[in-house]
**Q** 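One structure, pasted below without further comment.
Numbering of residues begins at 1 and proceeds along the displayed sequence. Every heavy atom of this structure was used, including side-chain atoms; hydrogens, water molecules and symmetry mates were not.
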Amino acid sequence: MTVRRTVFGRPLRGVAFDVAVALLVVLVSLAAAVSQPGGWAATAVGVGMAVALLFRRTHPSAVTVAVAVLALIQVIARWGPLIYDVAVLIALYSVVKYGRRLRDGVLAGAVAAVGVLLAAAQTPNVIQWWVTALWYALVTGAVWLVALNVRTRRLYVLSLEERATTLEREREAESRAAVAEERTRIARELHDVVAHSMAVMIVQADGARFMLDRDPAQARTAVKVVADTGRQALEEMRRLVGVLRDAGPAGGEGADGLAVAADPEHRRLALAELPDLLARFDDAGLHVRSTVTGAPPALPPGLELTVYRVVQEALTNALKHAGVGAGVEIVLSYTAEAVVVRVVDDGRGRPLVSPAPSGGHGLLGMRERVTVYDGSLTAGPRLTGGWQVEVRLPLPSEPATEVIAA
C-alpha cells in the first residue's frame, strides 16, 4: 500500500510546488522594486499575489478574487504589466481546474478579458494597443483552454476511481454474501451430522439399558459407543458454533434454517457415494480418473462430508472452466495425520453451452469448508495447462468409532 505524505491535509508534493511558485513570484516582485515603476509598493502587490497563490488549490475562487483586486490596484496606479503578473494567469488556471463549478472559471475568464483590455489601454498608440491586446488575449485564452482540458481529464479520472471503488465495494458485498450463504449451508450439514450422532447415542443408550442385565459385555460396548459418539458430536457442535459465530449477522439468518433435516439437498453424504458422483460427471463429459493411496480410516461424518463437497465443487469448476472432454485426475491420499484431496484437470475441453450447476461458491466455498476443519487449500493454474486444487485436512487425534447396533 502506498503511503501519501500530507501537510495540513494536502499532499506534500502539491504543497512544495505551490510554495516554490509563491517564492518565484516573490523573487520577481523584489526585482520590480529596483527595476520597474512603483518601487516597493509594486513589490508589496507582488508579494500579496504570491501569498494568495499558496491557497490556490483549496480556495481557488477566493485566490482569483484576491489576485484580481491586486492586479486592479496595479492598473489604477499605472505601473504597467510587470513580470509577477504571471500570478494572474496562475490564479486563472487554478480556478478553472480546481473550482467546484465550471461557471466560476467562466466568470474568471470574463474578468481576465476585461483585465486584458485595461492592461492594453496603457499603451501609447492604437496599433500597439491592438498588438498588446491580441497578445494578452491569446496567452490568457490559451491558459484558460489548457486549464479546461486538464479539469476535464481530472474529473474523468476521478469518475473512474469512484466507479472502481464502487465496483470493489460491490465485489466485497457479493463475497460477504457468498461466504454467509456457504457458512449457512455448512451449518445445516453439520447440524444434520450432530443430529445423526445424537440419534445414535439414544439408540445405543437404550440398547445398553436393555442389555445391562442380560449381556453386561455388550452393554459396556454400547456405553463406550455412546461416549465416543458424544465426544465426536461435541466436536462437531464446536465447529458448528464456530461457523455461526464467524458468520456474524448473516449467520443469524441461517440459524433459523438449521432444522432442515427433511430437505433432500442437505441429506448426509458419505465417501461411499463418491463413485456415483464421479460417474455423473463422467456422463456430463469429463474424463475422470480416481486414485486412492493409503488405508482409508474411519472419518468423522463432518470431515467425510467436507471431502465429498470439495471433490464435488472441484469437478464442477473443471466442467465449467476446462469444458466438456477435459481429463480430470482425482487423488485421495490417506495418512495417519491427514487426508489429502488433489484434483487436476488438463484444461483441454470445449466450452459448455450452458454453465454447470455449482454445489457452492467455487474456491470461496471450498476454503470456508476447509477452514472449519483447520485444513489448508491451494489452487491455481498449472504450467502445462489446466487447473489444480489440493486440500489437506488434518485427522482428529482419535478415530471415529464404528456404530454398534443395539
Side-chain angles (χ1 to χ4, degrees), residues 182 185-186 189 192-193 264-352 355-396 399-400 402:
E182 190 65 20
R185 182 185 178 93
I186 296 170
E189 292 174 345
D192 292 344
V193 170
E265 182 184 359
H266 301 291
R267 61 190 174 86
R268 184 184 172 193
L269 298 170
L271 291 182
E273 300 185 40
L274 268 183
D276 294 336
L277 177 68
L278 302 185
R280 289 198 299 271
F281 277 95
D282 196 75
D283 294 339
L286 292 178
H287 301 307
V288 183
R289 292 182 297 125
S290 63
T291 305
V292 178
T293 62
L299 300 178
L303 187 59
E304 193 172 345
L305 175 63
T306 298
V307 174
Y308 182 94
R309 290 300 192 192
V310 165
V311 174
Q312 181 186 40
E313 193 61 53
L315 288 175
T316 301
N317 290 342
L319 187 59
K320 280 183 179 180
H321 305 293
V324 175
V328 182
E329 182 180 3
I330 301 175
V331 178
L332 289 178
S333 300
Y334 297 98
T335 66
E337 296 80 19
V339 54
V340 178
V341 183
R342 188 168 178 264
V343 182
V344 180
D345 69 75
D346 56 16
R348 298 176 182 174
R350 59 183 184 274
L352 289 171
S358 173
H361 295 279
L363 293 177
L364 183 63
M366 282 193 283
R367 195 174 302 278
E368 286 296 319
R369 290 182 178 277
V370 170
T371 302
V372 170
Y373 285 91
D374 303 322
S376 61
L377 180 146
T378 56
R382 303 167 64 217
L383 294 177
T384 56
W387 193 269
Q388 173 177 315
V389 174
E390 184 169 327
V391 170
R392 185 181 188 277
L393 296 165
L395 296 178
E402 295 292 337

**Q** Give, for atom CG of L363 and atom CH2 of W387, the distance between the pair rounded to the nearest 0.5 Å.
**A** 6.0 Å
**Q** Answer yes or no: is there a side-chain heavy-atom contact under 4.5 Å between L271 and P296?
**A** no
**Q** Find the distance between CD (Q312) and CE (M366) and round it off to the nearest 0.5 Å.
**A** 10.5 Å
**Q** Side-chain contact, heavy-atom cut-off 4.5 Å: E368 with V372?
**A** no
**Q** Looking only at heavy atoms, what is the nearest atom pair of A379 and V389, with distance?
**A** CB-CG2, 4.0 Å
**Q** Please round to the nearest 0.5 Å and tell me the distance separating atom CG of L278 and atom CG of L315.
**A** 6.0 Å
**Q** How close do Y373 and L303 get, heavy atom to heavy atom, and via which atoms?
**A**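 Closest approach of Y373 to L303, heavy atoms only: OH-N, 3.4 Å.
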**Q** Might you point out which heavy atoms bring A322 and G347 nearest each other, and give the distance in Å?
**A**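 In this case the closest contact between A322 and G347 is CB-CA, 3.8 Å.
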**Q** To the nearest 0.5 Å, what is the distance between CZ on R348 and NE2 on H287?
**A** 12.0 Å
**Q** What I'd like to find out is whether the side chain of R309 reaches to under 4.5 Å of the side chain of L305, using heavy atoms alone.
**A** yes
**Q** Which atom names give the shortest non-hydrogen contact between G375 and P394, and what distance separates them?
**A** CA-CD, 3.8 Å
**Q** Which pair of non-hydrogen atoms, one from P297 and one from L395, has the smallest distance, and what is that distance?
**A** CG-CD1, 4.0 Å
**Q** When the side chains of residues 328-341 are checked against the rest of the protein, which donor-acceptor pairs come out under 3.5 Å, sequence neighbours left out?
**A**
| unit_1 | atom_1 | unit_2 | atom_2 | d |
| --- | --- | --- | --- | --- |
| S333 | OG | T293 | OG1 | 3.0 |
| T335 | OG1 | E337 | N | 3.3 |
| T335 | OG1 | A338 | N | 3.1 |
| T335 | OG1 | A338 | O | 3.0 |

**Q** Check whether any side-chain heavy atom of F281 lies under 4.5 Å from a side-chain heavy atom of T316, and answer yes or no.
**A** yes
**Q** Out of curiosity, D345 CG to R382 CZ, how far, rounded to the nearest 0.5 Å?
**A** 7.5 Å
